[in-house]
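First, the structure itself, so that you have it in front of you.
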Number of protein chains: 2
Amino acid sequence: MAESSRITARDGVRADARRNRERVLVAARAVFAEHGIDAPMATVARRAGVGVATLYRHFPTRDALVRGAFAQQMETCARALTEALAVPDPWQGFQHLVETVCALQREERGFPAAFVAAFPESTSEHAQYRQRAERDFTTLVRRAQASGALRSDFHPSDLAVVLLAHCGLVTALPDDGAASRRLVAYLLQSFRADPVNKPLPPPTALTLRSFPIATDSPQG
Amino acid sequence: MAESSRITARDGVRADARRNRERVLVAARAVFAEHGIDAPMATVARRAGVGVATLYRHFPTRDALVRGAFAQQMETCARALTEALAVPDPWQGFQHLVETVCALQREERGFPAAFVAAFPESTSEHAQYRQRAERDFTTLVRRAQASGALRSDFHPSDLAVVLLAHCGLVTALPDDGAASRRLVAYLLQSFRADPVNKPLPPPTALTLRSFPIATDSPQG
DNA sequence: GTCCAAGTGGACGATTGCTTCCACTTATGA
DNA sequence: TCATAAGTGGAAGCAATCGTCCACTTGGAC
């Protein structure tokens, strides 16, 4: 509180405006977690205790709001890649990256949807960031392959496969994360050049009641 | 055409009503494939060349329409389970099941969403079907484990994990199916008791441009 | 051919969410 | 303390979709 008024003045933004912006972001994360990223803008505004106009002033589009709300998570992803490259053992670096990103998706409800939504867009300004991420990840893959731990036919695009599949899982089943951990364990195992059955995290509590194989064919 | 009028009369449904019902189902599959299962009901009606009232008469809720549209696929799933139990080699039966269901999800756009949507609902009438499916699948798993091909810590609930993850992938990336095939290959491999790196289907054409790791942190 | 119940189409009111606009409030610098 | 421009709230105008209602049409039994 004490610091904000000066810091604020410096970038020409009024203190209350900056405070409201934060409240909106907090509210957005909460609402997105609860109702998905398609939740009404007005709901976010109400939760933040501000009017809709205030929300629109700070975030002119839903997309901007979503990006703002999950910018922190996106940064954590980016950091995980840097960290992964710094790990001495290439396989452990690779594993670290996959596990970190999946853990983020598992823990912050709403983030997976934002993640997928952000997908098709390889727009101008971010293109450079993406290119760098792509290059870095490819480096990580090559190193892990050279060390003999990562199977040689793993392709960098497989990361997208893993992440999208994982997003789908945690979105469909926002449970305690058991399913997510199990999927990640299975996949990491099959990425090894020398696959060995290691112990898995416990299975989900889900019964197979889930399996909608049963046709309601006598369609009543 | 020739047959329908008699068959129809038999169950007390007018021939034109039955014909319209079919047209609606065809239209629904097309529209759901194109715009997702949340597409407006009116769009389906227009595509079918009928009024909205007709649509609502046959399918009072969107849910009923979705179930109607994909009943065939659901039946194919059920049949795959029966077939799988009939395959002499238990592992091949298991593999057959997973691959068949995933292939269905991959090929019929809109079906995966319907599949996931059908999920939480373990309603009364279908409960018995599901229970049977669950029991049969558990049998399949036990047999494959007894034969030594399926890892012993595979849990029947892992099927739900696979299918939901796969749904998420094909929903996010309705491409040519390369990603789907690759995921399935990875997973089946990690389900083996004696994992061995077999050749994978080719990777997706996706570049990693997809990876939205790059934060747009200088949020402009 | 005639009749009538089953079936149909499209208009309509209700609901929900988006976005803009403008009169009011308030932080800030002098 | 005051002036002022930045910031704010909520109402209002739109647009999309839902699901129902009712007057009209048509299949099929006789």
Side-chain angles (χ1 to χ4, degrees), chain A residues 1-28 30-32 34-69 110 113 117 219, chain B residues 1-28 31-32 34-69 110 113 117:
Chain A
M1 257 179 209
E3 21 83 349
S4 71
S5 78
R6 280 308 95 187
I7 291 175
T8 281
R10 197 172 304 155
D11 54 357
V13 177
R14 253 166 62 169
D16 57 342
R18 170 169 293 262
R19 198 180 333 116
N20 278 337
R21 187 175 197 280
E22 276 318 305
R23 297 176 75 183
V24 166
L25 286 176
V26 170
V31 169
F32 289 161
E34 214 166 305
H35 306 294
I37 58 174
D38 291 328
M41 299 293 259
T43 305
V44 174
R46 201 170 337 111
R47 177 95 165 220
V50 305
V52 276
T54 303
L55 195 162
Y56 277 102
R57 162 175 286 262
H58 290 295
F59 304 98
T61 66
R62 153 173 269 106
D63 203 66
L65 179 58
V66 169
R67 276 209 301 260
Q219 51 86 17
Chain B
M1 259 181 206
E3 20 84 348
S4 71
S5 78
R6 279 307 95 187
I7 291 176
T8 282
R10 196 172 303 157
D11 54 355
V13 177
R14 254 167 60 169
D16 57 340
R18 170 167 293 262
R19 197 180 332 117
N20 278 337
R21 186 176 199 281
E22 277 317 306
R23 298 176 75 183
V24 166
L25 286 177
V26 170
V31 170
F32 289 161
E34 214 166 304
H35 307 293
I37 59 173
D38 291 327
M41 300 292 258
T43 304
V44 175
R46 200 170 339 110
R47 177 97 165 218
V50 305
V52 276
T54 303
L55 194 162
Y56 278 104
R57 162 176 287 260
H58 290 295
F59 305 98
T61 66
R62 154 172 269 106
D63 202 67
L65 179 58
V66 169
R67 275 210 299 262

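Per chain, numbering begins at 1; letters A, B, ... match sequence-line order.
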Min side-chain heavy-atom separation A/V66-A/F59 under 4.5 Å |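 Contact flag for A/V66/A/F59 side chains = no.
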
Under the 3.5 angstrom rule, does the side chain of A/R47 hit a backbone N or O of A/V26 as a donor-acceptor pair?
-> no

Does a nitrogen or oxygen in the side chain of A/N20 sit under 4.0 Å from OP1 or OP2 of D/dT8?
->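 Indeed, a polar side-chain atom of A/N20 lies that close.
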
Whole-Å distance between C/dG7 P and B/L55 CG?
->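 Taking CG of B/L55 and P of C/dG7, I get 15 Å after rounding.
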
In whole angstrom, give the distance that lies between atom CZ of A/R14 and atom P of D/dA6.
->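 Distance, rounded to whole Å: 9 Å.
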
How many Å lie between CE on A/M41 and P on D/dC14, as a whole number?
->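 About 21 Å, once rounded to whole Å.
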
Looking at D/dT26, C/dC18, D/dG9, which one has an atom nearest to any side-chain atom of A/V50?
->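 Among the listed nucleotides, the one closest to the side chain of A/V50 is D/dG9.
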
Separation of D/dT20 P from B/F59 CZ (nearest whole Å) |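 In whole Å, D/dT20 P and B/F59 CZ are 16 Å from each other.
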
Counting distance only, does the side-chain N/O of A/R62 pair as donor-acceptor with the main-chain N or O of A/I37 below 3.5 Å?
->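 Answer holds: yes.
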
B/D16 side chain: which of C/dT8, C/dC21, D/dT8 is closest?
-> C/dT8

What integer distance in Å separates B/R62:CZ from D/dA16:C1'?
-> 13 Å

Would you say a side-chain N or O of B/T54 is under 4.0 Å from OP1 or OP2 of C/dG7?
-> no

Options D/dC18, D/dG28, D/dT8, nucleotide nearest the side-chain atoms of B/A15 =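 Nearest to the side-chain atoms of B/A15, counting from C-beta on, is D/dG28.
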
Whole angstrom is fine here: how far is it from CG in B/D63 over to P in D/dG19?
->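 Distance check: B/D63 CG to D/dG19 P gives 12 Å.
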
Verdict with reasoning, B/L65 to B/M41, per side-chain contact (heavy atoms from CB on, under 4.5 Å) | CA-CA 9 Å; B/L65 179 58; B/M41 300 292 258; 4.2 Å; yes

What's the CZ-C1' distance between A/R57 and C/dT26, to the nearest Å?
-> 13 Å

What is the distance from CZ of A/R46 to P of C/dT16, rounded to the nearest Å?
-> 12 Å

Heavy-atom nearest pair, A/V24 first then A/V44, reads O-CG1, 4.1 Å

Which comes earlier along DNA chain D counting from the 5' end, the contact point of A/H58 or that of A/V52, where each point is its nearest nucleotide?
->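 Residue closer to the 5' terminus by nearest nucleotide: A/H58.
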
Options D/dG7, D/dG9, C/dT28, nucleotide nearest the side-chain atoms of A/V13 =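 Among D/dG7, D/dG9, C/dT28, the one nearest the side chain of A/V13 is D/dG7.
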
First encountered from the 5' end of DNA chain C, between A/A53 and A/D38 =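 Result: A/D38.
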
Assign each of B/R19 and B/P40 to its nearest nucleotide of DNA chain D by heavy atoms, then name whichever residue's nucleotide is nearer the 5' end.
->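 It is B/P40, whose closest nucleotide lies nearer the 5' terminus.
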
